[in-house]
Amino acid sequence: MKNIVLVTHGSFAEGILTSLKLVYGNTENTVPVTITASESIQEILSMIRKRIDEFKNDEPVVIITDIAGGSTTQAALEALSYKENIYLLTGLSLGLLLEVVLADFTDSKAENIEILNEIIENSKQTINLITDLEENIDSVSDNCEL
């Protein structure tokens, strides 16, 4: 088991959590942190720590942010030293989130990092320019006889 904190600008975290519930179901250990333009890095960090403290277990925590260089990630970087077993990912998408939810973590930090790196690589593979793929499919279809 693991705990997941989604840290995003605006209501993105709440929206993707709603989508996750639709696709996956129970998400009791996944919580949103929604920020606006008015919060400082320290205020965002405080919000993240509060959400981490709400978990009623000592399981690993995966923080997923929306933008790599954004204030969400800057605050989450500071949260890494808050407790043991906190991992930080950026580039939140539903596919990435679903893979993190489904992943089986271990007691080994090195193994968990390996699992997360595999999830990241899998997520990268799902980003495609469909128009480009469509042209390749059309050329194959044009050359096939039925």
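Computed over heavy atoms, backbone and side chain alike; hydrogens, waters and symmetry mates excluded. Everything numeric in this text was worked out from a predicted model, so none of it was measured.
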Give, for atom CG of L22 and atom CG of L17, the distance between the pair rounded to the nearest 0.5 Å. 11.5 Å

Determine which pairs satisfy ring-ring contact (aromatic ring centres under 6.0 Å, His included) with at least one residue from residues 3-31, sequence neighbours left out, and list them in order. none

Suppose we screen for side-chain hydrogen bond (donor to acceptor under 3.5 Å, both in side chains). Which residues come up paired with S38, at least two apart in sequence or across chains? T36

Please set out all donor-acceptor pairs under 3.5 angstrom arising from side-chain atoms of residues 93-105, sequence neighbours excluded.
residue: S93; atom: OG; partner: L96; partner atom: N; Å: 3.2
residue: E99; atom: OE1; partner: N122; partner atom: ND2; Å: 3.1

Under a single-linkage definition using a 4.5 Å side-chain heavy-atom cutoff for Ile, Leu, Val, Met, Phe, Trp and Tyr, are L88 and V33 assigned to the same hydrophobic cluster? yes

Listed partners of E111 passing side-chain hydrogen bond (donor to acceptor under 3.5 Å, both in side chains), at least two apart: T106

At what distance, to the nearest 0.5 angstrom, does CG of N29 lie from CD of E59? 8.0 Å

Any idea which heavy atoms bring R49 and Y82 closest together, and the distance? NE-CD1, 3.3 Å

Between D66 and the options T73, T8, T72, the side chain to side chain donor-acceptor pair (under 3.5 Å) test singles out T72

Same cluster or not: are L92 and L89 linked, directly or through other Ile, Leu, Val, Met, Phe, Trp or Tyr residues, by side-chain heavy atoms under 4.5 angstrom apart? yes

Here the gap from T27 atom OG1 to K21 atom NZ, rounded to the nearest 0.5 Å, amounts to 4.5 Å

Atom pair OG1/CE of T34 and M47 - distance to nearest 0.5 Å: 7.0 Å

Could you tell me whether E54 atom CD has more than 12 heavy atoms of other residues or ligands within 6.0 Å of it? yes

Does atom NZ of K109 have more than 12 heavy-atom neighbours, drawn from other residues, nucleotides or ligands, at distances under 6.0 Å? yes

Donor-acceptor contact present, side-chain S11 to main-chain E14, <3.5 Å: no

Side chain to side chain donor-acceptor pair (under 3.5 Å) between T65 and T90, intermediate numbers included: CA-CA 5 Å; T65 64; T90 189; 3.0 Å; yes

With a cut-off of 3.5 Å and sequence neighbours excluded, list every side-chain donor-acceptor pair involving residues 114-121.
residue: N117; atom: ND2; partner: I113; partner atom: O; Å: 3.3
residue: E121; atom: OE2; partner: K124; partner atom: NZ; Å: 3.3

Nearest 0.5 angstrom please: R51 CZ to L6 CG, how far? 9.5 Å

Between the main-chain N or O of I130 and the side-chain N or O of N128, is there a donor-acceptor pair closer than 3.5 Å? no

Taking the six-membered ring of F55, is the NZ or CZ of K2 close enough (under 6.0 Å from the centre) and on axis enough (within 45°)? no

Would V61 end up clustered with L45 when hydrophobic side chains under 4.5 Å apart are linked, directly or stepwise? no

I'd like to check the side-chain hydrogen bond (donor to acceptor under 3.5 Å, both in side chains) partners of Q42; sequence neighbours left out, ordered by chain and number. E78

Out of curiosity, does I64 fall in the hydrophobic cluster containing Y87 (side-chain heavy atoms, cut-off under 4.5 Å, transitive links)? yes

Atom CG of N57: over 12 foreign heavy atoms under 6.0 Å: yes

Mark yes when over 12 heavy atoms from residues, nucleotides or ligands other than D58 sit less than 6.0 Å from its CG; otherwise mark no. no

Looking at L80, N3, V5, I48, which one forms a side-chain contact (heavy atoms from CB on, under 4.5 Å) with I86? L80

Does some side-chain heavy atom of V7 sit less than 4.5 Å from a side-chain heavy atom of I63? yes

When hydrophobic residues are tied together by side-chain contacts of less than 4.5 Å, even through go-betweens, does I35 share a cluster with I16? no

